[in-house]
2 protein chains.
Amino acid sequence: MDIKQTMDVRTLCLGALMGSEATGYEIRKMFEDGTFSHFQIASLGSIYPALTKLTQDGMVTFVEREQENRPDKKVYQLTSEGRRTFLRTLLQTRPGEDRYRSDILFMLTFAEELPVELTEALIDEFAARHEMTQIQIDPENPEKDNCPLAHGRDENGAPSPGCRFVAGLGQAMCEATLDFIRRNKDGLIEELRTRKDKKT
Amino acid sequence: MDIKQTMDVRTLCLGALMGSEATGYEIRKMFEDGTFSHFQIASLGSIYPALTKLTQDGMVTFVEREQENRPDKKVYQLTSEGRRTFLRTLLQTRPGEDRYRSDILFMLTFAEELPVELTEALIDEFAARHEMTQIQIDPENPEKDNCPLAHGRDENGAPSPGCRFVAGLGQAMCEATLDFIRRNKDGLIEELRTRKDKKT
DNA sequence: GTTAGACTATATCAGTTCGATATATGTAGA
DNA sequence: TCTACATATATCGAACTGATATAGTCTAAC
């Protein structure tokens, strides 16, 4: 029995279907805007092949659903085999390292070589994106309305403890980021300006 | 002139060489443990081909350096063309979205389905990893000694303002994460236990 | 003393994943 | 009317990861 080293897209799809049935498109939304958006990623180009493979392996089944004024859907659902496999995977997987990747922070590393206006714009963009994320994350309030977003809610629609914990953590990280920027942006900009003045 | 949407490994390598000459192995270390470790990733499997390509394109040159008691190195260095290209890329690139990926948080999302001991172990592991990261990040104190880690330091060895800002942000994020865990772990574990009791 | 594991160093490659694109249809706004 | 955007699936080249191979050294354990 081999122990997985990281979560592949197949496993992520099984997890996404734990909460409710969904189409490939909806699964992507869970990773793009929904429940998993701030800590996992999966693109359509990997989700669709994964669902095909999972169907072949008997982990999921799908029902083709015709829609008025919309293209047809394939609504996927976990089989009991799929559910068992997913839970077994959770138990047997040594979770991979966290990986955070930020082009903006990489660029800011070279702030001294950049026009000060660009640096400022980058920081503002960074803050704006984190504000957006913070709003998206909140498991209580948002669910704007339509969201099918599935997963992690009990009969009453309340999010599960695990989900609340993870969402809270995400919000705390966003808050810390925004707070840091509030406290340090002006200082950095000023320092960069004085350095540039000295040089000329 | 096409506007890049994300930083590819070639660009990352140019950035890594902005601070000083380095071998492929050392560049990887910058992304693994060093300056860039908490917000960018690049593996050897992509770094070496990137350096080969950059050499062909005249962006970098290398000197083969024989070593006593060690395999030979190729020490890479930016050309002025490479330097110019990198700075132009910074100006012309629309930075890609931040992407954070965490297997542990994904797993914790399903805490209710997991043995409580596993949940607790996952949280502890998560905390431990962030403590490690926090130590690695600090640009002032650590630099244990040997670190060639290059980049972002002036003549006196002081880190550049941009680097200090980014490092500080990284530390703030780690701190917020650890703080959140300190404040919420026990509550979660307790809630999970009571839920399990109710079920049986 | 020798052996296993870790570190330095480069290189390659299969498999996975991303990002872009194609196709089809509908709605909303300019 | 035209553009942009949303729903929905599917495919594919390009990029990247992770594992593996090679090769030599150093150190700590046994």
Side-chain angles (χ1 to χ4, degrees), chain A residues 2-13 21-34 40-55 62-76 93-94 96-99 101 103 144-149, chain B residues 2-13 21-34 40-55 62-76 94 96-97 99 101 103 144-149:
Chain A
D2 40 34
I3 289 180
K4 277 202 193 182
Q5 284 297 313
T6 41
M7 298 282 164
D8 55 21
V9 176
R10 272 200 296 290
T11 307
L12 295 181
C13 286
E21 54 172 37
T23 66
Y25 190 77
E26 285 167 341
I27 291 175
R28 194 214 48 173
K29 283 186 76 184
M30 294 185 211
F31 290 102
E32 199 90 334
D33 325 303
Q40 280 294 351
I41 306 131
S43 67
L44 285 174
S46 54
I47 290 171
Y48 284 117
L51 288 172
T52 306
K53 186 84 196 323
L54 287 169
T55 307
F62 68 89
V63 184
E64 214 137 349
R65 202 165 293 171
E66 287 173 46
Q67 298 187 107
E68 293 167 40
N69 306 340
R70 285 260 160 262
D72 291 3
K73 302 175 172 186
K74 287 182 184 174
V75 181
Y76 289 88
T93 300
R94 170 85 221 281
E97 293 265 319
D98 283 26
R99 18 186 71 253
R101 175 161 186 159
D103 283 359
K144 310 168 179 180
D145 27 41
N146 43 8
C147 280
L149 54 55
Chain B
D2 39 35
I3 288 180
K4 276 203 193 180
Q5 284 298 316
T6 40
M7 298 281 165
D8 55 21
V9 176
R10 272 199 297 290
T11 306
L12 296 181
C13 285
E21 53 173 36
T23 66
Y25 190 76
E26 285 167 341
I27 291 175
R28 194 215 48 173
K29 281 185 77 184
M30 294 184 210
F31 290 102
E32 199 91 333
D33 327 302
Q40 280 293 353
I41 307 131
S43 67
L44 284 175
S46 54
I47 289 172
Y48 284 117
L51 288 172
T52 305
K53 187 82 196 324
L54 287 169
T55 306
F62 67 89
V63 184
E64 215 135 351
R65 201 166 293 172
E66 287 174 47
Q67 299 187 107
E68 293 167 40
N69 308 338
R70 283 259 162 264
D72 291 4
K73 299 176 172 186
K74 287 182 184 175
V75 182
Y76 289 87
R94 169 89 221 280
E97 293 265 317
R99 17 186 73 252
R101 176 164 183 155
D103 284 358
K144 308 166 181 181
D145 27 41
N146 43 6
C147 281
L149 55 54

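A note on names: the letters A, B, ... follow the listed sequences, proteins ahead of strands, and every chain is numbered from 1.
Panel note: side chain A/Asp72, backbone A/Glu66; no donor-acceptor pair is recorded below 3.5 Å. At distances below 3.5 Å, not a single donor-acceptor pair connects side-chain atoms of A/Asp103 with backbone N or O atoms of B/Thr6.
When distances run from any side-chain atom of B/Ser46 to the nucleotides C/dA9, C/dC18, D/dC16, the shortest one goes to D/dC16. Here the nucleotide nearest the side chain of A/Asp8, chosen from D/dT17, C/dT17, C/dT10, is C/dT17. Closest to the side chain of B/Val9, out of D/dG18, D/dA8, D/dC16, is D/dC16. Distance from the side chain of A/Lys73 is smallest for D/dT9 among the nucleotides D/dT9, C/dC18, C/dA9. In this structure, the nucleotide among C/dA9, D/dT11, D/dA8 sitting nearest to the side chain of A/Pro49 is D/dT11.
Spacing between atom CG of A/Asp72 and atom C1' of D/dA10 amounts to 14 Å, rounded to whole angstrom units. Note: CG (B/Leu44) to P (D/dT22) measures 17 Å, nearest angstrom. At whole-Å resolution of the value, CD in A/Glu26 and P in D/dT9 are 8 Å apart. Rounding to whole angstrom units, CD1 of residue B/Ile27 and P of C/dT8 are separated by 15 Å. When the P atom of D/dG18 is taken as reference, atom CE of A/Met7 falls 14 Å away, rounded to whole Å. Remark: C1' of D/dT11 and NZ of A/Lys53 are 18 Å apart, rounded to the nearest angstrom. For the pair A/Glu32 CD and D/dA8 P, the computed distance is 15 Å after rounding to whole Å. Atom CG of B/Asp103 and atom P of D/dG18 are 10 Å apart (whole Å).
Counting non-hydrogen atoms under 4.0 angstrom, B/Thr23 reaches the backbone sugars and phosphates but no base. Across all strands shown, A/Ile41 has heavy atoms under 4.0 Å from sugar-phosphate atoms exclusively, and none from any base. Here A/Arg99 lies in heavy-atom contact (under 4.0 Å) with sugar-phosphate atoms only. Nucleic acid contact for B/Gly24: sugar-phosphate only, since backbone atoms but no base atoms lie under 4.0 Å from a heavy atom of the residue. Nucleic acid contact for A/Arg28: none, since no nucleic acid atom lies under 4.0 Å from a heavy atom of the residue.
Remark on DNA chain D: of its neighbouring residues A/Tyr76 and A/Thr6, the 5'-side contact belongs to A/Tyr76, judged by nearest-heavy-atom nucleotide. The residue among B/Val75 and A/Arg10 whose nearest nucleotide of DNA chain C is located toward the 5' end is B/Val75. Mapped onto DNA chain C by nearest heavy atom, A/Ala42 and B/Thr52 fall at different nucleotides, with B/Thr52 at the one closer to the 5' end.
A pairwise comparison of heavy atoms in B/Arg10 and B/Leu54 identifies O-CD1, 3.7 Å as the closest pair. The shortest non-hydrogen separation linking B/Leu51 to B/Thr55 is O-OG1, 2.7 Å.
Between A/Tyr48 and the phosphate of D/dT9, there is a side-chain N or O to OP1/OP2 separation shorter than 4.0 Å. Regarding contacts with the backbone of D/dT9, every side-chain N or O of A/Tyr25 stays at 4.0 angstrom or more from both OP1 and OP2. OP1 or OP2 of C/dT8 sits under 4.0 Å from a side-chain N or O of B/Lys29.
Taking a cutoff of 4.0 Å between a charged side-chain nitrogen and a carboxylate oxygen, A/Lys74 and A/Glu21 do not qualify as a salt bridge.
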For this session: Quick one: do A/Arg28 and A/Phe31 satisfy side-chain contact (heavy atoms from CB on, under 4.5 Å)? Show the steps, please.
Result: CA-CA 5 Å; A/Arg28 194 214 48 173; A/Phe31 290 102; 5.5 Å; no

